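If you're wondering where the values come from, they're calculated on a predicted model, not measured in any experiment.
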Amino acid sequence: MGTLSDSSGWPVHPSQLIVLLPALAAAVSLVLVRRARIPAFVVALLGALGGLAAAAQLLAQQLGGTAEASSATVGPLPLEPVLHAPMRLGVDRFAVLLAVTVAVVALVVQLVARWYLREDRRYAAFAATVSLFTAAMQLVVLSDDVLLTIVGWELMGWCSYLLIGHDSEREKARRAAYKAFLVTRLADAPFAIGLVLLATGAHTTSLSAIVRHWSGQPSTLLTGGLIAVIVGVAGKSAQVPFQDWLPDAMEGPTPASALIHAATMVAAGTVVLGRLLPLLERSDAARTVLVLIAGISTVLAGFLAYCQTDLKRLLAWSTVSQVGLMLLGLAIVPVGHRADLALNHLVAHAMFKALLFLVFGWISVLVGGTVVARMSGAVRAHPATRALVAIGLLSLAGVPPMAGFVSKDLIVDEAATRAVNGDGVSRIAFVALAFSVALTAAYCMRAWLILDHRSVVERNAALEIVEDSVTVQEVGIVELFVTSAQVDRRGREVGQPLVPIVPEPEPEPVTVVAPDAASRLGLRLLALLAVVGGLLVTTPLLSLDWNHPAWALIAATLLLMAAVAVFVRVQSLGTPYGDAAGRLPLTLRSVADRGLGMDGVYVALTRPVVALARLVAGAERGLETGVHSTARGARGLAGVGARLQNGTPTAGLVAVALGVVAVGLIGISLW
Amino acid sequence: MIHLWPPLLLVAILFGTGLYGVLARRNAVLVLVGVELMLAAAGLLFVTFGSTIRDTARAGHVLTIFLITIAAAEIAVALAVILAVYRSRGDIDVTVAGEDDL
Amino acid sequence: MNPTFGWLTLAPVLIAAVGAIGVLLLDALFPRLGRVHWILGALLLAGGAAAATPVLLDSAHRPRATLCTRGTCWYTVDHVGAGLQLVALLASACVALLAFPIRIPHERAPIQVALLLTSTSGAVAVAGAHDLGSFLVALEVSTLPTIALVVLRARHSAIDAGLSLLTTSLVSFAVLAMGAGLWFAATGTAQLESHAALQAGNNADLRRILVLAVGFIVAGLAFKLSLAPFHLWMPETVGASSVPVGALLSTTSKVAAVAGLVAVFRTVTDLSSASMAAVGVVAVLSMTVGNLMALRERGALRFLGWSTVAQAGWIVLPFTTATADSGRRSAQYLAVYILATIVAFSVITALAHAEGRQHVTRIASYGGVLRRHPFLGGALLLALLTYAGLPPAIAGLTAKVVALEPITAGHLWLLAVIAAANAMLGVAAYLRWVRIMLGASMDPEESDRVHPVHTAVVAVSAVALIVCSVVPQAALGLFG
Amino acid sequence: MVAALLVAPLAPLLGGTALIAADRSRLRIATAAAYGVALTLAVVALAAALLAVWKRPGIDHSWVPAIGMRLHLAIDGISAPLVVLTAAIGVLVVLHAGWREPSATYLGALLMVTGGALATFLVQDAIAFFLAFELVLVPMWLLIARFGDTTRPGERDRAATMFVLYTVLGSTLMLVGILVLVVSAGTSDLTHLQTAHLSRSTQTVVAALLMIGIGIKIPIWPLHSWLPAAHTAAPTGGSVLLAAVLLKMGTYAVVRLVVFPLPRGLHAIAPVVAVFAVAGILIGGLVCLVERSLKRLIAWSSVAHMGFVVLALMTGTTLGVQAALYGNIAHGVISALLFVVVGGLKKRWGDDDLQTARRALRQVSPRLGLALVVGFAGSLALPGLAGFWGEVLTLFSAWSPGDRPLTLFRVLAVAAATGSVLAAAYALRVLRTVWAGTDSLPDVVTDGGSVVAQDAHAVEWIVIAVLVAAVVALGVWPTPLMHQTAYGLAHVSRVLVGGAP
C-alpha cells in the first residue's frame, strides 16, 4: 500500500482520501445500509462531504505549495520487466481544481437526490451508486496511471448504466441504460487499445512517464494511439458518432443526469486528453481528427438542442455541444501550453449545467414532466426557480459576466488568434465555435422563453393530448405530431367548429414537498459559482491570459448572440407554448427529437452482429451434434465388425491368415 | 553341397497347400489335415537347415521330432473336440456359427 | 556331457507339472475326493509361486540358469521371467479356488485340476525357455489343456467355442512352428540368443529371413494373446466357457504369450533401432477393435473378452520400440491387467454362483449390484476402472504410463495419438458398464449367500488391487 | 507442517471415498451426519491448505520408481493462489449443498473433486501431476451423471459421457507430452523439466500435443464442445467445481508443462493457438448474444474468458503469464459466483430459459439480483472486480508479445478488445431481462421492503456473500496476488521473454 502518510503529517494523503471516501461510502452503504433511507443519506453525505473536505485540503496544500505531486494507491504492480506499473495518483493544479469541482457537484447532487427520490424504494442504491460514480471520476481526475484511468473510466460507465437504468420498471429506462453502456463500451475498446499502445511503447503505465517518453519521438504509432484514445473519448463524451446515447440517458433520475452531464462522465474525456495534451500537440493528424469530431459535434448538437420537444433533452444535447467546445479548446492549444482553456470551461460548465439539470428536475416534479407542453410557463408558476434558471441559462449562453462567458470567450479568443496565425486546425475550430456560440444563444433563449411563457391556463386545455415525456423510442413522438391536431393560441384545435369550452377542472394541486433547505442551499451555491466562476482565471490554478481581452471579438460575439436572441424571440411569438422551434417544420422536429435517427443506425449496426451470432450458434450446435454422432459412428463401426465376425471358426482362420500375411509384409517392408 | 532351393520350394508348397486347406475346407477333419501339412512344412524346414548348418546339438533334427510329437498330441485333443462337436450338433462344419450362451 | 539340473530353479515348472500327474494318481487311488482336488491344486500352485520368489528377492538381479551344456542353457529365469511365473501361478491358484465351490460331477474335478496344472506349468515354462524346442513345447503344453477345459463344460456353446479355439490355435501353432523354422534357417541355432540374431541381422539376406521369422513367431503368439486380427476366438470362448476357465484364458494364457514375446524380443533388441512397425500396427488395431466391439457388446463375459483384446494391444505396445526394457514394461502392464482381471472374474464367478449364471451374462443385469452386494460390486467397479485407467484405480493409470513411455521416448507420435484415442474409447466402453452398475436394479429378487471361498478370493485380489493403486510399485516392482 | 501438505488433498479424497462407500453399503448414513462430516473435512482441507501456503513445506519421497514417479508435494507462488482457491471453493460447494437434500454420495463426489484438484496443484512431479489430473474425472462424472439435470436425463447422460471422454482423450495426449518431457529432462520434477536438447521440431510436436491435450480441458476453441453441455447438465456444485477448479487445472498445466519447459516449441505454435484463443473469445461472445439457456450462456462465457487467459499465455512473456494467472483466479471466483446464483435461479424457476417472462429479480430476490449483477459485471471485466486485471493485462501483453509475430498479436489484441465489447453486450442482455425484468408481468407488492421469501437465505446467501466479497477484493486490491505469482515466476522464468520489442 505504499506509505500511508505524507510530509504534511496527515496519515493519508488527501488525494487518496478524495477517491477513497466516496468509494468507502458506496461500499458501506451497499453492505450495511441496504434499504434504510436515512442512514443511506447520512453515509452518502458523509462520503461527499469528506471528499469535498479532502479536496479542499488538497487545494489549500496546492495553493500553499506543499502538496505532494504523487501518492500511492494499491502499490506498484509487479509486472517488471515488461511493464512498470507504479499505480500512483498525480497531483497537479488541474487535478486539484477538477477534484474540487467534482466534489462540489457531487455534494449538491447528493443533497438534491434525497429530495428528488423521496418516494423511491431504491434510494439507498442510488445514493451508493452516485458515491461510487464520484469516486470513479475522482480517480480519473487524479490518476497518473493508465491502468487507474481505465479503472475509473469504465467504472463510470457502469455507474452510468446503473443510474440511467435506475427506474428499471420502465422498458425505456432499461433500453437507455443498455444503450448507454454498450455505446460507450464500444468506444472503450479503442480507448483501451490506444492507452495500451502508449503504455507498452513507453514500458510504463505512468501517464507522466508516457508523456515524457513519447514527447521525444513523434511517430505514426503515436498518432494511431492518440486517435484511438480520441475515439474512446468521443464515446464517453458523446461526440459524433457516438452522441446518441446521451439524450436517451435522460431516462435516469434527474440528479443522475446532473452528475453524468456536469462534472463526471462526459467531461472525463477532456481530463484524459488534457493529461495527454503534450503528445496531442505534436500530432497534427490527431488534432485534426479531434477538431473534426468536436466541431461537428458542437454544431450539430447545438442545432438539435434547439429543436428538442423535451427540455431535458435540450439540456442533454447542449451538453454534447459544450463538451465539443471543451475538446475544441484542447485542439487549438499551441505547442507547450497546457489544457487550461478546456479545463476552465469544464469547471464553468460543471457549475451551470449541474444547476440547470437540478433545477429542471425540480420543475419537472412540480409540473409533472419535461416536455415543452408541460414546462411552458413553469418559472412563472414557480418563482422560486426563476432566478436559478436564469443564471444557469445565461451562463450557458455565455453572457457576461457569467463563468460561461469567461471560459467560452477565452477559447474563442485563442482559436481566433491561432486561426489568424495560419493554423488550419484552429480555423476549423473557429468556424465551429462561431456556429456553436450562435446556436447556444438560440437554444438558451428558446428555453427561457418557453419556461417564462404566460399562457398557463391555455396550456391546460392542451394537456390532454400531450402524453408524458416520450423520448427514447420513436413511439409517441411521431404519433404525437401526426395524430394530434394543430391547435391555435388558446390550445383549441384549428378548423374545428367552436364548441363551448367546458371549464376544465383545475388539476388537483399536487402536494409536492418543496426541496429542503439543504438542497436549495446547494443549488444556490452552484448558482453563485456559475456567476462568479469566471474569477477562477485569476487564481494560480489556471494560467490563462485573461487580462488582455480582445474587445472587438467579444463585442462581435455578443452582438451575434444578441441578434440570435432577438430572432428567437420573434419566432416564439404566437406559438402555443412560446416555443420558437414550433415554427420549424414538423418533420424536422420529429427527426431532431429522434437524434437524426441515429438510434436506427445503431440498431442497424447490431443486426449483422446478431445475424452472425445466430450463424455461429447454429454452427456450434452443428459441431456438438457432429461430436455426438461420432459416438453413433463408433457404434456403427463396431456393428460392421460384428457382422464380419459371424462366430464361425472359419472367420477366425481367415483373420489369422490375413494377419500373418500383413505382419510379414509390414515387418519386411518397414524394418 | 546340394542345392537348397528344391526342399525350400517344397516347404513353400506344403505350407501354401496347408494354409489353403485350412481356409477352404469346411470339414473340421480336413482343416486338421491342412494344419498337419503346415507343420510338415515347418519340419521340413528344420530338417533342411539342420543338415546344412554345422550344429553340434543337431537341433534341426531334434526339433523336427519335437514337432511331430506335438502334432500328435494336438491331433489327439483335436479329434476329441471334433468328436464332441459331432455329438453335440451332428456335423463338423467349421463354417457354421457357434451357439450363443446369452 | 551331462546337463546341470537345478531343482530349485526348475521348481515352479516342476511343481505344477508333477502336481498334474499327482492329482491324477491321487484320483486313481482315492476316486471320490471330488472337489477337494481344487484345493490341492491351489496349494500346489501357491507352492510353485513360492518357489518362483527367490529370483525376485535376489537383490543382485542375477538370472538363474539350469539345464546347461557346454555353456548354453535351455532354461534361464531372469527377473522378468520369474515375475511372470509368479503372476501365472498365482492367477491359476485363484482360478482353482474360484472353481472349487462350483458343483460338477465328481469324476471331472481331478481331470480339470490336472489340466489347469498342466496348462500353468506350460505357461511357467515359457518364461524360462531359451531355445526353440522347449519354447514350442511349453507353449503348446499351455494351450492344449485350455481347449480341453473349455470343451469340458459340455454345453453346446462351449463345444462350439472349443472348436473355434482349436482350429485357431492349431493354425497359429503351425505358423509359430514355421517361424521357428525360419529362425533356425536364419541364425543357424535353436537358441533364442541375441548374438545369433545380431549375426544374422548383419547379413542382408539372412536379415530378411530373420524378420520373417520374428513376424511369424509374433503372429503365432498373437493368437494366444488374442491380438487383433488373431482374436476372434477370444470373446466367443470366454463367453461360452465356465467363468473360472474364462479367467484362466484371460490370465495365465496371456502370461505364456507375453513370456514368449519377451523371449523373442530379447534377442532382437540389439538388432533393431528402428521401430517394430508390425507390432505397433497390431497393437493399435487390437485396442481399437477391442474397444469398439466392447462398446456395443451386451454380454458381460464377452465384454470382458473384447476388453482383453483391447488390453492385449496395450500389453504389446512397449514392444513396438524393441528396447531393452520393452519386455519388462509389457510384463508390468500385464501384471496390473491380470490383477484386475482376476478381480473381475472372481466377482462374476461369485455372483454366478450366488444368483445363477443367467444373472451375470448380461451387462444389463448388473444394475443394482452395488446395492445387493456392495462389496462385490465395489470390487468389480475397481477392476473396471483399472481397465479404463481412471483413478481412483491408480494401478491401471500407472500401467498406461508404463506402456506409453517407450512410445513417446521413441517419438512415435502417430502411435501415441491413436493410443490416446483408444484410452478414450476404452473409458467409454467401461463407463457404460459402470453406469449400469450405479443405476437401479433390474431384478430385485434375493440371492443366495456368496460362497465364502469366493468372498475370500475377491477380498484378497481386491485388496491386492487397492494396494497396487496406493503403491503401484508393488505390482510394477515385480519385474525389477 | 508436512502433514498439512498431505492432509489437504487426502482428507477430502479419502473422506469422499468413505462417504460414497458408506452410502452404497447397507449402513446408509443420515444426510445431516454426512453433511457434517463433509463440511468438517472440507474445512480441514482448507485449513491445511492455508497452513501449507503459509509455511511452504515440501515432501519428496520415492513412490513408483518404475515410472519415475515421486511423491513430491510443494507449493510455490504459481500454485499457492490456486490451492487456496480450490480449497475455499471446496468448502463453499459443500456448504452450499445444505443439510437437507444431498445424498452422501453427492457430498463425497464434491469432496473427491476438491481433493483431486488440490492434489493436482500440490504435486511437483510431472507424472503424478497427470495422475492427479485424472483423479477428478470419475467423481465429476458421477456428479453430472447421477445428480445432474433430471428434466432431460438423455442429455445429462450424454453430457457426462462427453465430459469424461473428451477429458480422457486430452489428458492421455497430455501424458504423451509429459512422458517426452520427463524422458528428455531425465527428471519428473515439474520445476526442472528442461528440454534444451530436444530439437526444435520435436519441441513443436510435443508442444502441439500438449496444447491439444490440455486445450480440451481449458477449453480452447474448437475443442470445447463438451463444456456447454456439461455445465448445463451438472448440478450447481458440479458446475461451480467444473468452472472454478477444473478449468484452472488446464491453464495451470499449460504454464507448467508448455510455457516453462518448451519455449521453442511454444514459439512455433503460439500464433496458431493464440488465433484459436481469440476465435474462442469472439465465438463465445457471439453465441452468448443469442443463447437462450442461462447456464449454457455462462458456460459459453467461460470459453470466452479462457480465451483471454490462453491468449496471454501464448505471448510467453512474464506479463502474459501474470495476466493469465490472474485471469485464471478471477474467472474461478466469478464463474463460481455466477453458477451458484444461476443454479439457484434454475432451481426456483424450474428451467433457465431466458425467453420466459419473469418478474424482475431486483424486486423478487434482491440478494440474488445483487449477486447476479456483480457476477456479470465481473464477467464483462468491470474494473474494481476480479475479472478486470486479467483481461486488461492480457491486452497489454498481447500488444507487446515478446518475440512472437508482432502484427498478428496486435491484431489479436484488437480482436480481444472487441470480444470484451461482446461480453458487455451479453452480460447486459442477461441483466436487462433477468435482473431488471420484463414489463409483461405486474409488479409484485412487497411489504415494506422486507426480503422476499424466494430470496437467498442461510447457507446459500453465505456462499454468495463470500464469493461476492472475493470478487470485489480481487478487483480492488490486486497487488498481493500478483506479488505471489511474480515471486513464483521469478524462480522459473528463465525462459520467459522480457517483453515489448
How long is the span from the [atom1] atom in [X] to the [atom2] atom in [Y], to the nearest 0.5 Å?
| X | Y | atom1 | atom2 | value |
| --- | --- | --- | --- | --- |
| L186(A) | T418(D) | CG | OG1 | 8.5 Å |
| W399(D) | L197(A) | CH2 | CG | 5.0 Å |
| L83(A) | L393(D) | CG | CG | 8.0 Å |
| L361(D) | S168(A) | CG | OG | 10.5 Å |
| Y161(A) | L380(D) | OH | CG | 9.5 Å |
| L382(D) | L155(A) | CG | CG | 5.5 Å |

With a 4.5 Å limit on heavy-atom distance, are the side chains of [X] and [Y] in contact?
| X | Y | result |
| --- | --- | --- |
| V151(A) | W389(D) | yes |
| E624(A) | M162(D) | no |
| V146(A) | F396(D) | yes |
| Y326(D) | L77(A) | no |
| R174(A) | T433(D) | no |
| T318(D) | L79(A) | no |
| W158(A) | L428(D) | yes |

Quick check on [X] against chain A: is it the side chain, the backbone, both or neither that has a heavy atom closer than 4.5 Å?
| X | value |
| --- | --- |
| V476(D) | backbone |
| L282(D) | neither |
| F388(D) | side chain |
| L289(D) | side chain |
| L422(D) | side chain |
| W226(D) | neither |
| I283(D) | both |
| M482(D) | both |
| A377(D) | both |
| R296(D) | side chain |

Minimum-distance pair of heavy atoms, taken over all atoms of [X] and [Y]:
| X | Y | result |
| --- | --- | --- |
| S400(D) | T200(A) | OG-CG2, 3.8 Å |
| L623(A) | P222(D) | CD2-O, 4.3 Å |
| I150(A) | P383(D) | O-CG, 3.9 Å |
| E620(A) | H224(D) | OE1-NE2, 2.7 Å |
| L395(D) | A192(A) | CD1-CB, 4.4 Å |

Verify, without hydrogens or angle tests, whether [X] (side chain) and [Y] (backbone) share a donor-acceptor contact under 3.5 angstrom.
| X | Y | value |
| --- | --- | --- |
| Q322(D) | P78(A) | yes |
| Y178(A) | A425(D) | yes |
| T479(D) | V74(A) | yes |

| Which portion of L132(A) sits near chain D, non-hydrogen atoms under 4.5 angstrom |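 For L132(A), neither part sits under 4.5 Å from chain D.
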
| request: Please look at T205(A) and chain D and tell me whether the side chain, the backbone, both or neither of the residue comes under 4.5 angstrom of a heavy atom of that chain. | output: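 The side chain, not the backbone.
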
| field | Lys/Arg-Asp/Glu bridge criterion (N-O < 4.0 Å) met for R621(A), E291(D) | value |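 Yes, this pair counts.
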
| said: If the condition is salt bridge (Lys or Arg N to Asp or Glu O under 4.0 Å), which residues does R122(A) pass it with, not counting sequence neighbours? | reply: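 For R122(A), the residues satisfying salt bridge (Lys or Arg N to Asp or Glu O under 4.0 Å) (neighbours in sequence not counted) are E169(A).
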
| query | Which is it for L286(D) and V609(A) under the side chain to side chain contact (heavy atoms under 4.5 Å, CB included) test, yes or no, and what are the steps along the way? | reply | CA-CA 8 Å; L286(D) 282 174; V609(A) 176; 4.0 Å; yes

| task | Return the set of residues passing side-chain contact (heavy atoms from CB on, under 4.5 Å) with A304(D) (not counting sequence neighbours), or none when no residue passes. | result |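 Testing A304(D) for side-chain contact (heavy atoms from CB on, under 4.5 Å), a comparison that skips the adjacent residues, returns none.
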
| said: Shorter than 4.5 Å, heavy atoms on both sides: which option in A229(D), G320(D), S420(D), G384(D) has the most such pairs with chain A? | reply: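 Looking at each option in turn, the highest pair count goes to S420(D).
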
